[in-house]
Colleague: 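A single structure is presented below for examination.
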There are 2 protein chains.
Amino acid sequence: MREYKELLEEFKTLLKANNLKFTKQRESIFKTLFEYDKHFSPEDLYNLVKKRYPSSNIGITTVYRTLNLLEENKLVTSISFGIAGKKYEFGHKSHHDHLICEVCGKIEEFEDETIEKLQEKIAKMRGFKMTEHIMQLFGICKECQENKNGDDS
Amino acid sequence: MREYKELLEEFKTLLKANNLKFTKQRESIFKTLFEYDKHFSPEDLYNLVKKRYPSSNIGITTVYRTLNLLEENKLVTSISFGIAGKKYEFGHKSHHDHLICEVCGKIEEFEDETIEKLQEKIAKMRGFKMTEHIMQLFGICKECQENKNGDDS
DNA sequence: CTGTGTGCAAACATTTTGCAAGCAG
DNA sequence: CTGCTTGCAAAATGTTTGCACACAG
(Lines give C-alpha, C1' and ligand atoms only; values in the text may rest on other atoms or scores of the structure.)
Protein backbone atom coordinates (compact mmCIF):
# COMPACT_ATOMS: atom_id res chain seq x y z
CA MET A 1 0.00 0.00 0.00
CA ARG A 2 1.29 3.36 -0.98
CA GLU A 3 1.97 6.15 1.41
CA TYR A 4 -0.27 9.07 1.98
CA LYS A 5 2.27 11.63 0.85
CA GLU A 6 2.70 9.94 -2.45
CA LEU A 7 -1.03 9.71 -3.02
CA LEU A 8 -1.50 13.29 -2.00
CA GLU A 9 1.01 14.33 -4.63
CA GLU A 10 -0.94 12.38 -7.17
CA PHE A 11 -4.06 14.21 -6.13
CA LYS A 12 -2.34 17.59 -6.37
CA THR A 13 -0.99 16.75 -9.77
CA LEU A 14 -4.41 15.74 -10.90
CA LEU A 15 -5.83 19.03 -9.68
CA LYS A 16 -3.15 21.04 -11.36
CA ALA A 17 -3.62 19.18 -14.61
CA ASN A 18 -7.25 20.19 -14.58
CA ASN A 19 -6.75 23.74 -13.42
CA LEU A 20 -8.38 22.95 -10.13
CA LYS A 21 -7.33 24.24 -6.78
CA PHE A 22 -6.01 22.47 -3.75
CA THR A 23 -8.25 23.51 -0.90
CA LYS A 24 -8.44 22.48 2.72
CA GLN A 25 -11.86 20.94 2.10
CA ARG A 26 -10.55 18.76 -0.67
CA GLU A 27 -7.60 17.82 1.42
CA SER A 28 -9.63 16.92 4.47
CA ILE A 29 -11.94 14.72 2.40
CA PHE A 30 -9.05 13.04 0.71
CA LYS A 31 -7.20 12.47 3.95
CA THR A 32 -10.24 11.08 5.68
CA LEU A 33 -10.83 8.67 2.83
CA PHE A 34 -7.27 7.51 3.14
CA GLU A 35 -7.09 7.20 6.91
CA TYR A 36 -10.45 5.55 7.42
CA ASP A 37 -9.95 3.05 4.68
CA LYS A 38 -13.56 1.91 4.58
CA HIS A 39 -16.69 2.05 2.52
CA PHE A 40 -18.45 5.36 2.90
CA SER A 41 -21.76 6.77 1.92
CA PRO A 42 -21.46 10.45 1.06
CA GLU A 43 -23.18 11.22 4.33
CA ASP A 44 -20.86 9.00 6.38
CA LEU A 45 -17.93 10.80 4.92
CA TYR A 46 -19.50 14.20 5.46
CA ASN A 47 -20.09 13.47 9.14
CA LEU A 48 -16.64 12.09 9.62
CA VAL A 49 -14.88 15.00 7.97
CA LYS A 50 -17.00 17.45 9.91
CA LYS A 51 -16.01 15.76 13.15
CA ARG A 52 -12.34 15.46 12.34
CA TYR A 53 -11.84 18.83 10.72
CA PRO A 54 -14.40 21.18 12.22
CA SER A 55 -12.36 24.12 11.04
CA SER A 56 -12.76 23.13 7.42
CA ASN A 57 -16.45 23.87 7.84
CA ILE A 58 -17.31 21.26 5.28
CA GLY A 59 -20.64 21.14 3.44
CA ILE A 60 -22.33 18.05 2.11
CA THR A 61 -22.30 19.64 -1.33
CA THR A 62 -18.55 19.70 -1.36
CA VAL A 63 -18.40 16.07 -0.33
CA TYR A 64 -20.54 15.11 -3.30
CA ARG A 65 -18.55 17.27 -5.65
CA THR A 66 -15.24 15.98 -4.41
CA LEU A 67 -16.34 12.36 -4.58
CA ASN A 68 -17.46 12.85 -8.16
CA LEU A 69 -14.20 14.49 -8.99
CA LEU A 70 -12.21 11.70 -7.41
CA GLU A 71 -14.33 9.04 -9.00
CA GLU A 72 -13.96 10.50 -12.48
CA ASN A 73 -10.26 10.28 -11.95
CA LYS A 74 -10.34 6.78 -10.52
CA LEU A 75 -9.02 7.78 -7.14
CA VAL A 76 -12.14 6.43 -5.51
CA THR A 77 -14.53 3.76 -6.62
CA SER A 78 -18.24 3.65 -6.01
CA ILE A 79 -20.32 0.58 -5.55
CA SER A 80 -23.96 0.01 -4.94
CA PHE A 81 -24.41 -2.18 -1.90
CA GLY A 82 -28.03 -3.15 -2.21
CA ILE A 83 -30.16 -1.68 0.54
CA ALA A 84 -27.19 0.15 1.98
CA GLY A 85 -27.07 2.32 -1.12
CA LYS A 86 -24.14 3.72 -2.99
CA LYS A 87 -20.81 3.70 -1.25
CA TYR A 88 -17.36 4.91 -2.06
CA GLU A 89 -13.99 3.45 -1.30
CA PHE A 90 -10.52 4.75 -1.72
CA GLY A 91 -9.20 3.42 -4.96
CA HIS A 92 -5.51 2.82 -4.39
CA LYS A 93 -5.92 -0.87 -3.94
CA SER A 94 -5.87 -3.59 -6.52
CA HIS A 95 -9.11 -4.95 -7.83
CA HIS A 96 -11.17 -6.84 -5.33
CA ASP A 97 -14.72 -7.91 -4.68
CA HIS A 98 -16.90 -7.74 -1.60
CA LEU A 99 -18.39 -10.02 0.96
CA ILE A 100 -21.17 -8.30 2.87
CA CYS A 101 -22.78 -9.29 6.15
CA GLU A 102 -26.51 -8.79 5.94
CA VAL A 103 -26.81 -8.54 9.70
CA CYS A 104 -24.13 -6.13 10.83
CA GLY A 105 -23.34 -4.55 7.47
CA LYS A 106 -19.65 -5.35 7.69
CA ILE A 107 -17.89 -5.43 4.35
CA GLU A 108 -14.89 -7.65 3.71
CA GLU A 109 -12.80 -7.63 0.60
CA PHE A 110 -11.41 -10.52 -1.36
CA GLU A 111 -9.76 -11.42 -4.61
CA ASP A 112 -10.00 -14.59 -6.63
CA GLU A 113 -8.06 -14.93 -9.78
CA THR A 114 -9.85 -18.02 -10.99
CA ILE A 115 -13.18 -16.26 -10.93
CA GLU A 116 -11.72 -13.25 -12.68
CA LYS A 117 -10.53 -15.47 -15.49
CA LEU A 118 -13.85 -17.22 -15.78
CA GLN A 119 -15.59 -13.89 -15.99
CA GLU A 120 -13.39 -12.85 -18.85
CA LYS A 121 -14.13 -16.10 -20.58
CA ILE A 122 -17.88 -15.75 -20.19
CA ALA A 123 -17.85 -12.24 -21.56
CA LYS A 124 -15.72 -13.24 -24.49
CA MET A 125 -17.95 -16.19 -25.33
CA ARG A 126 -20.85 -13.79 -25.69
CA GLY A 127 -18.97 -11.29 -27.75
CA PHE A 128 -18.61 -8.73 -25.00
CA LYS A 129 -15.49 -6.76 -24.46
CA MET A 130 -15.48 -6.68 -20.69
CA THR A 131 -14.46 -3.47 -19.03
CA GLU A 132 -15.20 -4.15 -15.40
CA HIS A 133 -17.33 -6.17 -13.09
CA ILE A 134 -19.03 -6.23 -9.78
CA MET A 135 -19.27 -9.23 -7.56
CA GLN A 136 -20.81 -9.09 -4.15
CA LEU A 137 -21.50 -12.05 -1.94
CA PHE A 138 -24.13 -11.52 0.72
CA GLY A 139 -24.39 -13.61 3.81
CA ILE A 140 -24.01 -13.70 7.55
CA CYS A 141 -20.57 -13.26 9.01
CA LYS A 142 -19.04 -15.48 11.62
CA GLU A 143 -19.65 -13.11 14.51
CA CYS A 144 -23.27 -12.58 13.61
CA GLN A 145 -23.86 -16.30 13.30
CA GLU A 146 -22.44 -16.77 16.77
CA ASN A 147 -24.37 -13.87 18.26
CA LYS A 148 -27.72 -14.84 16.92
CA ASN A 149 -29.04 -15.66 20.40
CA GLY A 150 -31.09 -12.50 20.43
CA ASP A 151 -28.07 -10.36 21.03
CA ASP A 152 -28.81 -7.54 18.67
CA SER A 153 -27.43 -4.73 20.77
CA MET B 1 -40.28 -21.97 -18.08
CA ARG B 2 -43.57 -22.19 -16.32
CA GLU B 3 -46.82 -21.04 -17.78
CA TYR B 4 -48.53 -17.84 -16.94
CA LYS B 5 -51.61 -19.52 -15.55
CA GLU B 6 -49.60 -21.51 -13.12
CA LEU B 7 -47.68 -18.48 -11.97
CA LEU B 8 -50.83 -16.48 -11.66
CA GLU B 9 -52.25 -19.13 -9.38
CA GLU B 10 -49.16 -18.89 -7.27
CA PHE B 11 -49.64 -15.17 -7.04
CA LYS B 12 -53.29 -15.54 -6.08
CA THR B 13 -52.44 -18.10 -3.45
CA LEU B 14 -49.84 -15.78 -2.07
CA LEU B 15 -52.36 -12.99 -1.88
CA LYS B 16 -54.91 -15.13 -0.18
CA ALA B 17 -52.40 -16.42 2.31
CA ASN B 18 -51.72 -12.83 3.31
CA ASN B 19 -55.28 -11.63 3.31
CA LEU B 20 -54.60 -9.47 0.31
CA LYS B 21 -56.89 -8.88 -2.60
CA PHE B 22 -56.57 -9.74 -6.22
CA THR B 23 -57.11 -6.49 -8.09
CA LYS B 24 -56.89 -5.57 -11.73
CA GLN B 25 -53.94 -3.32 -10.99
CA ARG B 26 -52.02 -6.11 -9.38
CA GLU B 27 -52.89 -8.41 -12.20
CA SER B 28 -51.87 -6.00 -14.93
CA ILE B 29 -48.53 -5.38 -13.25
CA PHE B 30 -47.94 -9.07 -12.80
CA LYS B 31 -48.92 -9.90 -16.35
CA THR B 32 -46.75 -7.18 -17.80
CA LEU B 33 -43.78 -8.40 -15.82
CA PHE B 34 -44.36 -11.86 -17.18
CA GLU B 35 -44.96 -10.96 -20.81
CA TYR B 36 -42.17 -8.45 -21.16
CA ASP B 37 -39.61 -10.63 -19.51
CA LYS B 38 -37.05 -7.88 -19.06
CA HIS B 39 -35.40 -5.70 -16.49
CA PHE B 40 -37.62 -2.84 -15.44
CA SER B 41 -37.20 0.27 -13.45
CA PRO B 42 -40.37 1.09 -11.52
CA GLU B 43 -41.01 3.87 -13.97
CA ASP B 44 -40.51 1.66 -17.04
CA LEU B 45 -43.03 -0.73 -15.68
CA TYR B 46 -45.43 2.03 -14.79
CA ASN B 47 -45.35 3.42 -18.32
CA LEU B 48 -45.74 0.04 -19.88
CA VAL B 49 -48.68 -0.98 -17.75
CA LYS B 50 -50.32 2.36 -18.36
CA LYS B 51 -49.96 1.87 -22.09
CA ARG B 52 -51.09 -1.72 -22.16
CA TYR B 53 -53.92 -1.46 -19.67
CA PRO B 54 -55.19 2.09 -19.82
CA SER B 55 -58.40 1.00 -18.18
CA SER B 56 -56.59 -0.13 -15.07
CA ASN B 57 -55.74 3.52 -14.48
CA ILE B 58 -52.55 2.58 -12.74
CA GLY B 59 -50.61 4.89 -10.45
CA ILE B 60 -46.88 4.87 -9.86
CA THR B 61 -47.56 4.35 -6.19
CA THR B 62 -49.22 1.05 -6.88
CA VAL B 63 -46.33 -0.06 -9.01
CA TYR B 64 -43.93 0.57 -6.16
CA ARG B 65 -46.19 -1.13 -3.68
CA THR B 66 -46.75 -4.14 -5.89
CA LEU B 67 -43.08 -4.51 -6.69
CA ASN B 68 -42.26 -4.46 -3.01
CA LEU B 69 -44.93 -7.02 -2.34
CA LEU B 70 -43.67 -9.28 -5.10
CA GLU B 71 -40.09 -8.85 -4.06
CA GLU B 72 -40.80 -9.73 -0.45
CA ASN B 73 -42.32 -12.91 -1.71
CA LYS B 74 -39.53 -13.66 -4.15
CA LEU B 75 -41.69 -13.39 -7.23
CA VAL B 76 -39.50 -10.63 -8.54
CA THR B 77 -35.88 -9.82 -7.89
CA SER B 78 -34.33 -6.41 -7.77
CA ILE B 79 -30.83 -5.54 -8.78
CA SER B 80 -28.87 -2.36 -8.81
CA PHE B 81 -27.39 -1.84 -12.26
CA GLY B 82 -24.89 0.89 -11.59
CA ILE B 83 -25.83 4.13 -13.25
CA ALA B 84 -29.03 2.60 -14.60
CA GLY B 85 -30.36 2.38 -11.05
CA LYS B 86 -32.47 -0.24 -9.41
CA LYS B 87 -34.27 -2.64 -11.68
CA TYR B 88 -36.65 -5.50 -11.19
CA GLU B 89 -36.98 -8.75 -13.04
CA PHE B 90 -39.54 -11.48 -12.91
CA GLY B 91 -38.28 -14.15 -10.59
CA HIS B 92 -39.50 -17.41 -12.06
CA LYS B 93 -36.18 -18.26 -13.57
CA SER B 94 -33.29 -20.09 -12.03
CA HIS B 95 -30.44 -18.13 -10.60
CA HIS B 96 -28.39 -16.22 -13.10
CA ASP B 97 -26.04 -13.29 -13.35
CA HIS B 98 -25.86 -10.35 -15.72
CA LEU B 99 -23.73 -9.08 -18.52
CA ILE B 100 -24.43 -5.41 -19.20
CA CYS B 101 -23.52 -3.37 -22.23
CA GLU B 102 -22.28 0.03 -21.18
CA VAL B 103 -23.13 1.53 -24.53
CA CYS B 104 -26.64 0.40 -25.37
CA GLY B 105 -27.71 -0.75 -21.92
CA LYS B 106 -28.65 -4.22 -23.07
CA ILE B 107 -28.67 -6.83 -20.33
CA GLU B 108 -27.89 -10.46 -21.03
CA GLU B 109 -28.19 -13.25 -18.53
CA PHE B 110 -25.86 -16.13 -17.90
CA GLU B 111 -25.14 -18.89 -15.47
CA ASP B 112 -21.84 -20.46 -14.53
CA GLU B 113 -21.77 -23.26 -12.08
CA THR B 114 -18.04 -23.18 -11.54
CA ILE B 115 -18.16 -19.59 -10.40
CA GLU B 116 -21.11 -20.31 -8.14
CA LYS B 117 -19.11 -23.03 -6.44
CA LEU B 118 -16.07 -20.84 -6.05
CA GLN B 119 -18.19 -18.15 -4.48
CA GLU B 120 -19.51 -20.60 -1.94
CA LYS B 121 -15.99 -21.66 -1.18
CA ILE B 122 -14.76 -18.11 -0.70
CA ALA B 123 -17.59 -17.28 1.64
CA LYS B 124 -17.06 -20.42 3.67
CA MET B 125 -13.34 -19.80 3.97
CA ARG B 126 -14.10 -16.48 5.61
CA GLY B 127 -16.72 -17.86 7.94
CA PHE B 128 -19.67 -16.39 6.08
CA LYS B 129 -22.86 -18.27 5.57
CA MET B 130 -23.66 -17.08 2.07
CA THR B 131 -27.26 -16.28 1.31
CA GLU B 132 -27.03 -14.76 -2.13
CA HIS B 133 -24.78 -12.91 -4.46
CA ILE B 134 -24.65 -10.40 -7.23
CA MET B 135 -22.33 -10.64 -10.18
CA GLN B 136 -22.48 -8.17 -13.01
CA LEU B 137 -20.02 -7.97 -15.84
CA PHE B 138 -19.88 -4.63 -17.62
CA GLY B 139 -18.56 -4.23 -21.10
CA ILE B 140 -19.40 -3.47 -24.67
CA CYS B 141 -21.57 -5.88 -26.58
CA LYS B 142 -20.80 -7.27 -29.99
CA GLU B 143 -23.19 -4.97 -31.83
CA CYS B 144 -21.91 -1.87 -30.13
CA GLN B 145 -18.33 -2.81 -30.87
CA GLU B 146 -19.22 -3.17 -34.53
CA ASN B 147 -21.22 0.04 -34.65
CA LYS B 148 -18.65 2.22 -33.07
CA ASN B 149 -18.08 4.14 -36.30
CA GLY B 150 -19.87 7.15 -34.92
CA ASP B 151 -23.22 5.49 -35.33
CA ASP B 152 -24.80 6.48 -32.10
CA SER B 153 -28.27 7.12 -33.43
C1' DC C 1 -6.60 40.29 -9.23
C1' DT C 2 -9.01 36.34 -11.61
C1' DG C 3 -11.47 32.63 -11.75
C1' DT C 4 -12.28 28.40 -9.23
C1' DG C 5 -14.32 26.62 -4.84
C1' DT C 6 -17.38 27.04 -1.14
C1' DG C 7 -21.67 26.73 1.80
C1' DC C 8 -26.25 27.66 1.73
C1' DA C 9 -30.77 27.22 0.10
C1' DA C 10 -33.53 25.86 -3.43
C1' DA C 11 -34.36 22.60 -7.04
C1' DC C 12 -34.62 17.86 -8.46
C1' DA C 13 -35.50 12.89 -8.90
C1' DT C 14 -37.01 9.00 -6.76
C1' DT C 15 -39.56 6.60 -3.38
C1' DT C 16 -42.78 6.50 0.61
C1' DT C 17 -46.76 7.92 3.28
C1' DG C 18 -51.46 9.97 4.65
C1' DC C 19 -55.84 10.17 3.18
C1' DA C 20 -60.57 9.80 1.39
C1' DA C 21 -62.94 7.16 -1.90
C1' DG C 22 -63.36 2.55 -4.41
C1' DC C 23 -63.99 -2.11 -4.70
C1' DA C 24 -62.94 -7.30 -3.68
C1' DG C 25 -64.51 -10.82 -0.98
C1' DC D 1 -70.67 -4.51 4.60
C1' DT D 2 -65.72 -4.48 6.02
C1' DG D 3 -61.43 -3.25 5.48
C1' DC D 4 -57.80 -3.76 2.10
C1' DT D 5 -56.42 -1.10 -2.09
C1' DT D 6 -56.15 2.74 -4.88
C1' DG D 7 -54.63 7.34 -6.88
C1' DC D 8 -53.52 11.68 -5.58
C1' DA D 9 -50.88 14.95 -3.26
C1' DA D 10 -47.70 15.76 0.17
C1' DA D 11 -43.64 14.25 2.54
C1' DA D 12 -39.31 12.25 2.86
C1' DT D 13 -34.84 11.01 1.03
C1' DG D 14 -30.73 11.50 -1.60
C1' DT D 15 -28.33 14.31 -4.88
C1' DT D 16 -27.50 18.41 -7.85
C1' DT D 17 -27.60 23.28 -9.05
C1' DG D 18 -27.64 28.56 -8.70
C1' DC D 19 -25.70 32.03 -6.38
C1' DA D 20 -22.85 35.44 -3.94
C1' DC D 21 -18.91 35.49 -1.22
C1' DA D 22 -14.18 33.40 -0.18
C1' DC D 23 -9.80 32.26 -1.36
C1' DA D 24 -5.90 29.74 -4.09
C1' DG D 25 -2.72 30.72 -7.40
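Remember, predicted model here, so these are calculated numbers, not experimental data. Chain letters run A, B, ... following the sequence lines, proteins first, then strands; residues in each count from 1.
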Colleague: Between B:Phe128 and A:Phe138, is the ring centroid distance below 6.0 Å?
Modeller: no
Colleague: Without decimals, in angstroms, what is the distance between A:Asn57 CG and D:dC21 P?
Modeller: 17 Å
Colleague: Are A:His96 and A:Glu89 close enough that a side-chain donor and a side-chain acceptor fall under 3.5 Å?
Modeller: yes
Colleague: Considering only D:dT6, D:dA9, C:dC8, which nucleotide approaches the side chain of B:Thr61 most closely?
Modeller: D:dA9
Colleague: Could you state the OH-P distance from A:Tyr88 to D:dG14, rounded to the nearest angstrom?
Modeller: 14 Å
Colleague: Ring centres of B:Phe11 and B:Phe30 under 6.0 Å apart?
Modeller: yes
Colleague: Can you tell me the distance, in whole Å, between the CG atom of A:Asn19 and the P atom of D:dA24?
Modeller: 16 Å
Colleague: Using whole Å, what does the distance between atom C1' of nucleotide C:dT4 and atom CG of A:Leu14 come to?
Modeller: 15 Å
Colleague: Check each of A:His39, A:Gln136, A:Glu108 against A:His98 using the side chain to side chain donor-acceptor pair (under 3.5 Å) test, and report the only one that passes.
Modeller: A:His39
Colleague: For A:Ile60 and D:dG14, what is the distance between atoms CD1 and C1' respectively, to the nearest whole Å?
Modeller: 9 Å
Colleague: Compare the minimum distances between each of C:dC8, D:dT15, C:dT17 and the side chain of A:Lys86, then state the nucleotide with the smallest one.
Modeller: D:dT15
Colleague: Would you indicate which nucleotide in C:dT6, D:dT5, D:dT15 comes nearest to any side-chain atom of B:Arg26?
Modeller: D:dT5
Colleague: Are A:Asn68 and D:dT15 close enough that a side-chain N or O sits under 4.0 Å from OP1 or OP2?
Modeller: no
Colleague: So do the side chains of B:Phe110 and A:Met125 get within less than 4.5 Å of each other, counting heavy atoms only?
Modeller: no
Colleague: To the nearest Å, give me how far apart OH (B:Tyr64) and P (C:dT14) are.
Modeller: 7 Å
Colleague: Expressed in angstrom and rounded to an integer, what is the separation of A:Lys16 atom NZ from C:dG3 atom C1'?
Modeller: 18 Å
Colleague: Taking atom C1' of D:dT5 as reference, at what distance in whole Å does atom CD1 of B:Ile29 sit?
Modeller: 11 Å
Colleague: So B:Ser56, base contact, sugar-phosphate only, or nothing? Heavy-atom distance under 4.0 Å.
Modeller: sugar-phosphate
Colleague: When you measure from the side chain of B:Gln145 to the backbone N and O of B:Ile140, does any donor-acceptor pair fall under 3.5 Å?
Modeller: yes
Colleague: Is the shortest heavy-atom distance from the side chain of B:Phe22 to the side chain of B:Lys24 under 4.5 Å?
Modeller: no
Colleague: How does protein reach along nucleotides 20-25 of chain C, written 5' to 3' as B (base within reach of a heavy atom under 4.0 Å), S (only sugar-phosphate), or - (no contact)?
Modeller: ----BS
